[in-house]
Protein chains: 2
Amino acid sequence: MPAHHHLHSIDAIRATSRRLVRELGFMSTDLAGTDLPPSAVHALIEIEGGGVTARDLGARLRLEKSSVSRMLRKLVDSGDVRELAAEGDGRVKMLSLTASGKDRVAAIHAFARAQVADALSRLQPGQTRAVLEGLRLYTDALAGQRDAGAPAPGIRIESGYRPGIIARITEMHARYYSQAHGLGQHFESVVAGGLAAFADRLNAPVNQVWVATAGDAILGSIAIDGEDMGPGIAHLRWYIVDDALRGTGCGKALLDTALAFADAQGFSETHLFTFSGLDAARHLYEQRGFVLAQEGAGSQWGKEVTEQRFVRKRTSPRHADR
Amino acid sequence: MPAHHHLHSIDAIRATSRRLVRELGFMSTDLAGTDLPPSAVHALIEIEGGGVTARDLGARLRLEKSSVSRMLRKLVDSGDVRELAAEGDGRVKMLSLTASGKDRVAAIHAFARAQVADALSRLQPGQTRAVLEGLRLYTDALAGQRDAGAPAPGIRIESGYRPGIIARITEMHARYYSQAHGLGQHFESVVAGGLAAFADRLNAPVNQVWVATAGDAILGSIAIDGEDMGPGIAHLRWYIVDDALRGTGCGKALLDTALAFADAQGFSETHLFTFSGLDAARHLYEQRGFVLAQEGAGSQWGKEVTEQRFVRKRTSPRHADR
DNA sequence: CTATTTAGTTGCATGATACAACTTTATCGA
DNA sequence: TCGATAAAGTTGTATCATGCAACTAAATAG
């Protein structure tokens with residue numbers, strides 16, 4: 001058990017998870033406003049996706065094959081599911097929904113969506129994202145999925161302004177740096193004020209901002225400010241990724257996107273400011289050719305830290321270095 | 001269904017939630033490495049907390065009382081649970097764990113902790129908090145459905161800076177004004193930049209910001225800037241409430257709090273800037289003694305609107321007007 | 001003092017599930 | 001090519017958690 005997972009967190013997660021399962025109605029005999037047992041509802045939704053066999057259902061729902069067999073029999077008898085012999089293998093039966101089965105699934109979706117939407121209406125908008133992140137992280141962890149490196153599915157890197165981008169980038173900074181490094185009001189003001197001014201200059205072709213988005217949620221950001229450091233120098237700013245994206249490679253993707261832009265725009269150097277102690281980030285910078293150029297105590301962010309300037313020369317067009 | 005909860009988020013949460021329930025093993029007959037049914041495991045953990053009756057168990061596990069009765073019978077027969085007649089009421093039985101029951105619960109805890117710790121070990125350090133937050137938010141939201149109608153629990157008006165306040169106030173503005181009035185990047189920059197600068201001046205006694213909070217969520221804001229309009233004039237700024245608080249009276253409470261502060265600080269006038277079309281807000285202002293003092297086309301917010309200045313003279317100490 | 005409510009039990013029916021044994025079809029190795 | 005083995009799905013059998021309804025006993029209200 002890793003040391004950083006305190007027993008407190010573990011028990012808190014367990015207790016919440018127990019409550020959640022109860023709220024979701026784990027012991028009720030029917031579900032989602034139908035007279036179907038929970039497993040049948042799950043099964044119908046899986047079958048809706050297409051290309052499913054009885055064996056797949058057993059694996060996905062963690063049910064014994066005989067239980068699946070009987071459950072399917074009932075769904076076939078009720079006219080919701082159709083079985084078709086699979087081509088090429090006489091043993092397997094492909095499952096699909098009949099017309100009435102589709103109606104039934106549609107009703108299930110409508111009911112469940114209304115229920116979830118009603119629950120979410122008790123949250124503020126930003127918290128919807130927190131809910132999804134938390135559920136997804138925990139589920140993936142339980143499933144033992146470790147597809148490290150590959151960007152999480154559905155995460156895209158997009159550029160340009162969108163409503164709320166200043167607010168959200170500021171929020172990620174305020175949250176992370178206040179909790180992990182004790183930075184407070186002045187730091188948040190510096191971030192918000194800088195971003196506000198920068199956004200007004202986004203139409204200049206040397207300036208750009210990118211975000212990592214999942215749906216309409218912003219989970220990471222980076223920007224190149226091509227004006228504020230003087231001619232020929234790109235300033236890499238507002239580079240941060242949400243906890244939910246840690247270890248997914250999205251952080252690297254953002255950084256590479258920004259550096260490619262800086263190179264393409266013809267900047268000879270890219271500068272960035274940070275402070276000591278952010279070792280994971282520093283490693284990333286150095287991998288990309290950044291070198292520590294300046295270091296010293298400073299308090300421009302509202303607290304005395306060892307501020308650092310990293311500089312990266314443009315990758316030479318003559319010999320790509322790697 | 002509030003417009004800001006897109007179908008995308010809802011279906012993503014539903015899909016993840018289905019997966020989670022499966023990973024937690026909702027359909028397996030035993031749980032947590034014991035030979036007990038899920039409900040019995042939940043029951044034992046509840047009983048461990050102490051002061052529980054059969055009726056309480058039914059409520060917490062959402063089970064019918066007869067089911068609880070039978071389940072308890074088995075736990076008593078197996079020597080894990082003890083029933084004691086409650087003092088003062090001959091009908092109820094207080095439940096407690098026997099020595100062997102405590103051993104059993106300890107084993108359950110050990111098993112489950114190991115399982116959760118193993119899952120969490122696949123996450124990055126900061127993600128544990130994200131998991132807990134997401135689970136807790138969603139569970140609370142779901143639980144909130146059952147006791148619906150409970151009027152906005154625990155909404156408080158608080159003053160002063162807290163991490164993320166600039167981000168959140170900016171977000172509320174960006175979201176509302178971009179969707180309802182088509183204001184875009186420049187407006188968000190004006191809000192964020194103004195707030196950033198104002199936050200740096202919050203230590204001045206004539207400046208203050210208030211937020212309506214529910215737990216740690218910010219659902220409304222207002223501020224008095226006592227410096228930027230010149231001597232003797234208070235500037236009411238960043239007044240907004242989230243959809244979730246519409247009609248709860250929190251908006252009025254915020255406004256009254258800010259105006260009371262302005263009066264107490266001795267300002268002779270309070271000014272605010274808005275634009276035409278925000279009729280509900282205008283009504284609120286006029287109720288509090290604001291009068292339209294100036295009006296004209298302008299585009300300081302990035303779009304041509306009819307900008308308005310409202311002015312309210314300090315409530316005379318001689319005759320409080322209402 | 002009687003009627004009603006509440007905590008908990010029991011009769012009964014339902015039905016979801018696992019295990020084991022089975023049929024049918026596919027695959028693999030010599 | 002054939003025989004052994006595995007895989008997909010079915011059926012027999014037993015178990016057991018659950019809900020509804022009817023019940024007992026104790027408390028409370030009028």
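Lettering follows sequence order; numbering is per chain, from 1.
More than 12 heavy atoms of other residues, nucleotides or ligands lie within 6.0 Å of CZ in A:R82, so this atom counts as buried by the packing criterion.
Here the CG-CG distance, from B:L95 to B:L75, works out to 9.5 Å after rounding to the nearest 0.5 Å. Expressed to the nearest 0.5 Å, how far NE2 of A:H109 lies from CD of A:E48 amounts to 3.5 Å. Taking CD1 from B:I45 and NE2 from B:H42, the interatomic distance works out to 7.0 Å, rounded to the nearest 0.5 Å.
Protein atom CG of A:L75 is 14 Å distant from nucleotide atom P of C:dG15, rounded to whole Å. A:L57 places its CG atom 13 Å from the C1' atom of D:dA8, with the value rounded to the nearest Å. Here C:dT10 presents its P atom at 12 Å from CG of B:L72, a figure rounded to the nearest Å. Atom NZ of B:K93 is separated from atom P of D:dA25 by 13 Å (rounded to the nearest Å). To the nearest angstrom, C1' of D:dA17 lies 14 Å from NE2 of B:H42. Taking atom CZ of B:R73 as the reference point, atom C1' of D:dA17 lies 16 Å away to the nearest angstrom. We find that CZ of A:R55 is positioned 17 Å from C1' of D:dT10, with the value rounded to whole Å. Nucleotide C:dT10 holds its C1' atom 15 Å from the CG atom of B:D77, rounded to whole Å.
Remark: side-chain polar atoms of A:T213 are not paired, donor with acceptor, to backbone N or O of A:I218 under 3.5 angstrom. Proximity of a side-chain donor or acceptor of B:R162 to a complementary backbone N or O of B:S159 within less than 3.5 Å is detected.
Taking 4.5 Å as the limit, some side-chain heavy atom of A:L57 sits within range of a side-chain heavy atom of A:I47. Residues A:V211 and A:I157 form no side-chain contact, since every pair of their non-hydrogen atoms from C-beta on lies 4.5 Å or further apart.
Looking at residues two or more places apart in sequence or on another chain, you find no salt bridge (Lys or Arg N to Asp or Glu O under 4.0 Å) involving B:D56.
At least one side-chain nitrogen or oxygen of A:K74 sits closer than 4.0 Å to the OP1 or OP2 atom of C:dA16.
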Enumerate all atom pairs, one protein N or O and one N or O from nucleotides 19-24 of chain C, separated by less than 3.5 Å.
from   : atom 1 : to    : atom 2 : distance (Å)
C:dC19 : N4     : A:S66 : OG     : 2.8

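Rotation axes derived from the C1' atoms of the five outermost pairs at either end of the helix from C:dC1-D:dG30 to C:dA30-D:dT1 lie 30° apart, to the nearest 10°.
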